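Worksheet for the structure shown next.
In this text, all values refer to a predicted model and were calculated from it rather than measured experimentally. Throughout, protein chains are lettered first and strands after them, A, B, ... in sequence-line order, and every chain is numbered starting at 1. The figures that follow rest on heavy atoms only: side chains count, while hydrogens, waters and symmetry mates do not.
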Amino acid sequence: MAKYNPKKIEAKWQEKWYDSNVFKAQNRSKKKKFYLLVEFPYPSGDGLHVGHCRSYTAIDVIARKKRMEGFNVLFPIGWDAFGLPTENYAIKKGAHPSVVTKNNTDNFRRQMKELGFSFDWSREINTTDPKYYKWTQWIFLQLFKNGLAYKDKIAINWCPTCKIGLANEEVISGKCERCGTKVEKKEKEQWMIKITKYADRLIKDLDNVNFLEKIKIQQKDWIGESRGALIKFSIGGIDDNIEVFTTRIDTIFSGTFLILSPGHSFIDKYGSKIENIDEVLKYREDSKIATDINRTNIDKDVTGVQLKRITARNPATNEEMPVWIADFVLEQYGTGAIFADAHDKRDFKMAKKYSIPLRTSIKPDDELLVQKTKNLEECFDGEGILYNSMQFDGMKSAVARPLIVAWLASKSSAQQKISYKLRDWVFSRQHYWGEPIPLIFCAQCGWQPVPEKDLPLELPKVKKYKPTETGESPLSAIKKWVNVKCPKCKSPAKRETDTMPNWAGSNWYYLRYCDPKNNRKLADAKLLKYWMPVDWYNGGMEHTTLHLLYSRFIFKFLWDIGAVPKSIGSEPYKKRTSHGMVLGEKGIKMSKSKGNVINPDTIVKQYGADTLRIYEMFMGPFDQMIPWDTKGVVGARRFLEKIWKLCSSSLRGATATKQSNLEISINKTIKKVGEDIEEMKFNTAVSSLMILTNEFIKNKDFLTKDDVKILLLILSPFAPHLAEELWRLAGFKGLCCEQKWPKYNVKLIEEEKVLLIVQVNGKVRDKIEVDFGIDQKQTENLALSSNKIKNWIADAEEVEKVVFVQNKLINLVTIDKTK
RNA sequence: GCCCAGGUGGCGGAAUGGUUUACGCGAGUGACUUAAAAUCACUUGAGAGAAAUCUCAUGCGGGUUCGACUCCCGCCCUGGGCACCA
């Protein structure tokens with residue numbers, strides 16, 4: 001028989017699979033549907049990363065197994081192709097981004113096909129295709145029409161050298177990712193999406209989905225819900241008040257001053273009433289520059305300026321209190337103002353520095369701390385027992401809080417309030433290679449949506465798409481495109497020239513896969529009803545707080561407005577898992593600059609796709625970061641060679657009396673591999689396939705064709721090409737990947753004889769072979785008759801207690817009678 | 001600072017209350033070969049011993065248990081996330 005030649009057989013089977021559409025998902029089927037999703041890649045010029053290969057192989061293994069189990073599997077792929085790297089690369093090479101994108105996707109597609117991924121290629125999508133982004137724009141318009149998109153002036157990251165606005169992820173430790181210049185803040189009008197309106201639902205609905213716990217935790221932390229109260233502080237001499245958010249209303253009686261963020265609107269409104277307004281405004285300006293640098297430096301000194309001649313009234317104590325501004329109070333969180341007291345470390349620090357009066361009202365449980373706290377030697381910011389707090393004296397913090405809120409609410413100066421850390425989503429970019437935002441500004445009518453019949457609003461094909469000097473989008477330079485008539489009043493108007501961020505196209509792509517060619521709707525309701533929700537979505541941990549959150553939000557929105565059927569439920573993904581990163585050798589992150597990037601093409605060429613697949617599954621736990629080891633690839637290849645040899649020699653019809661041990665191993669392996677795939681324990685699944693193969697080789701003479709058949713079936717999701725080739729060579733009918741997943745026989749998993757551990761006082765002293773299912777009395781007798789065991793029990797000792805675990809272990813606990 | 005994950009041979013790792021070190025890599029010895037590669041067989045945690053065998057070892061220190069890599073308490077270290085969030 002011929003040598004194992006992966007190059008030849010892999011190309012052959014890929015052609016067979018893709019030509020005969022075996023991986024095509026059926027829109028109509030008697031089978032149960034199963035929608036498996038991998039994050040579609042950004043088609044960069046570097047080609048597929050071995051990390052892509054790992055996560056895609058893993059989900060491909062699951063897809064292949066699910067098909068064999070009789071599911072109608074939807075396993076689609078596409079390209080998230082808008083974005084900066086392509087634009088930058090295109091600028092550098094002088095090619096148009098669309099050409100670069102085409103080349104890159106062609107390359108990615110070739111690589112994926114060469115790895116034998118069982119994607120349904122008939123559903124391939126591309127976010128830069130106008131037929132696709134028509135619906136990305138349509139979704140934006142729905143957000144706009146429902147009041148969830150608004151324009152706001154916010155500070156963006158601005159690189160003074162590149163003259164370009166940068167996304168947060170393009171800023172590396174305060175510097176521009178590309179040129180290393182220190183990034184500045186620049187105020188700019190940006191389109192914002194009100195994701196904050198969905199904050200509560202984005203947390204609550206996590207209870208109904210099967211996401212890895214760490215993913216849920218990270219999303220919850222990111223949204224950052226805090227339950228507390230809103231307190232109104234009236235201002236002396238002004239008929240207005242300042243609102244404050246707190247989670248510690250139990251400390252209200254020690255509140256002796258108020259602190260506003262430097263940007264607080266009170267200063268703008270009542271500047272004339274502030275005696276030292278110049279000083280205040282100067283502090284405000286200084287803090288604008290300082291904020292980002294100081295954020296990383298937690299131990300920095302607190303600074304602040306008092307608003308002279310302004311006082312607030314503490315609604316609990318009715319005392320007048322000074323009002324300050326300080327840059328540690330954040331404008332964007334809560335109300336941008338806090339009440340300050342001795343029970344907060346920063347407030348305490350600030351009061352000490354500027355000699356602002358302090359008072360305590362919470363007694364710690366720790367007696368040693370009580371005096372120190374009272375004497376204001378140390379700040380106590382924990383929970384404790386209230387004092388100096390009128391009718392709330394003696395209560396625990398947690399008990400007092402709702403009561404104080406209720407009491408102040410009765411005087412209409414407080415109410416319950418939930419605050420979130422989550423911010424609204426900055427949705428505009430000043431770049432060319434993105435979806436144009438389909439809005440038109442008219443001096444008379446304001447912002448008007450591009451009529452839906454005019455969608456897609458295509459990105460104009462131009463030669464100049466470099467970012468502009470001013471930070472405006474490159475589209476603003478295209479006069480012909482910018483100047484249009486207002487859709488409402490027909491007077492001259494201008495298009496929005498910003499484009500959408502990368503996330504726009506990936507928000508809803510899983511919906512498009514259900515019906516990728518629909519021209520009338522983002523997807524047909526019937527098909528959405530059938531395929532959605534996604535049964536299993538795997539992706540990177542780094543997308544937990546961005547893409548995963550954004551897409552959950554957009555789905556909820558579409559669900560609310562009835563753009564997707566209600567019957568799907570309000571969550572797009574039933575299950576979310578996550579893979580670990582593949583690092584370079586020695587555990588350093590792969591990067592071009594370090595020269596440690598592994599190109600999957602090289603591995604495929606040298607060892608074959610099946611070897612790469614097996615290696616990537618075998619290298620370690622799927623959810624863990626793992627260093628690449630090219631030496632280890634050899635082991636995967638050897639394993640496949642062994643199977644090749646085994647099958648080519650034994651398949652000549654050797655039939656012999658079955659060895660019961662072999663049968664047990666086969667059934668155990670079917671069970672183990674099947675269960676391991678479901679739990680994503682691919683490394684141990686491959687390991688058990690290796691063990692079975694080794695056992696087959698040892699018992700070669702007893703192997704039957706059926707034994708080999710089973711091995712090929714359970715191997716096929718991992719090494720599909722090899723399995724397919726050997727399947728055919730053995731003369732089995734049809735395609736291996738279309739066979740039924742084998743069932744194991746429960747009765748054949750139990751062995752007749754088991755090796756039982758004999759312990760004396762918890763230490764292993766002997767191992768005895770016993771019949772399966774033997775009872776305690778018999779085991780005890782066998783154990784005690786062992787000479788080894790006899791030696792471990794001294795004459796003066798007696799067995800006091802016996803611990804027995806059937807088929808596993810017996811432990812004899814002795815007692816010294818002489819004592 | 002807070003939250004999450006992890007720490008086991010020379011290396012990747014296996015074992016989630018019951019044989020620590022499966023499987024693979026690497027290394028070593030032997031067979032085949034003129035030779036090398038490939039392949040096959042055997043060995044491979046540390047220490048002691050001629051051997052049978054024994055002792056010790058899962059980041060550190062305690063605890064629970066007949067028995068702990070596994071559970072509990074307190075630390076240390078590594079990786080990831082968040083970070084002046086009131």
### Query
Looking at A:Lys345, A:Arg346, A:Lys349, which hits salt bridge (Lys or Arg N to Asp or Glu O under 4.0 Å) with A:Asp381?
A:Lys345
### Task
Would you mind checking if A:Lys777 and A:Asp775 are paired as a salt bridge, meaning a charged N to carboxylate O distance below 4.0 Å?
no
### Message
Looking at A:Glu213 and A:Arg576, is there a salt bridge between them, counting it only when a charged N and a carboxylate O are closer than 4.0 Å?
### Response
no
#### Entry: B:A86 pairs with, by Watson-Crick or G-U criteria that keep both distances under 3.5 Å
none
### Message
Is it the case that the side chain of A:Asp250 and the backbone of A:Ala400 share a donor-acceptor pair, with hydrogens and angles ignored and the cut-off at 3.5 Å?
### Response
no
### Query
Taking only N and O in the side chain of A:Asn694, is any of them less than 4.0 Å away from OP1 or OP2 of B:G24?
yes
### Query
Checking only heavy atoms, does the side chain of A:Gln759 share a donor-acceptor pair with the base of B:G18 at less than 3.5 Å?
yes
### Query
Are OP1 or OP2 of B:C23 and a side-chain N or O of A:Ser688 less than 4.0 angstrom apart?
no
### Query
A:Lys767 side chain N/O closer than 4.0 Å to the phosphate oxygens (OP1, OP2) of B:U19?
no
### Query
Rounding to a whole Å, what distance do you find between A:Lys421:NZ and B:C84:C1'?
11 Å
## Note on the structure
Taken to the nearest whole Å, CD1/A:Ile259 to P/B:C85 is 12 Å
## Note on the structure
From the candidates B:G13, B:C66, B:C25, the one with an atom nearest any side-chain atom of A:Asn683 is B:G13
#### Entry: Rounded distance (Å) that lies between atom C1' of B:A86 and atom CD1 of A:Ile242
15 Å
### Summary
A:Val764 has its side chain closest, among B:C3, B:U19, B:C84, to B:U19
### Task
Write down the partner of B:U65 under the Watson-Crick or G-U wobble criteria, each distance required to be under 3.5 Å.
none
### Query
Which nucleotide sits closest to the side chain of A:Pro621: B:C25, B:C4, B:G13?
B:G13
### Query
To the nearest Å, how far apart are A:Lys220 NZ and B:C3 P?
15 Å
## Note on the structure
Separation of B:U65 atom C1' from A:Lys763 atom NZ, nearest Å, is 15 Å
### Nucleotide B:C66, atom C1' - distance to CG of A:Asn811 in whole Å
5 Å
### Query
Which base sits across from B:G45 as a Watson-Crick or G-U pair, both distances under 3.5 Å?
B:C56
### Query
According to the interplanar angle, ranging from 0 to 90°, do the rings of A:His343 and A:Phe380 count as parallel (below 30°), tilted (30 to 60°) or perpendicular (above 60°)?
perpendicular
### Phosphate OP1/OP2 of B:G26 contacted by A:Arg638 side-chain N/O (<4.0 Å)
yes
### Message
Please name the nucleotide paired to B:A35 by Watson-Crick or G-U wobble geometry with both distances under 3.5 Å, or report none.
### Response
none
### Task
Starting from C1' on B:G13, measure out to CD on A:Gln624 and report it in whole angstrom.
9 Å
### Query
In whole angstrom, what separates A:Ile691's CD1 from B:C23's P?
6 Å
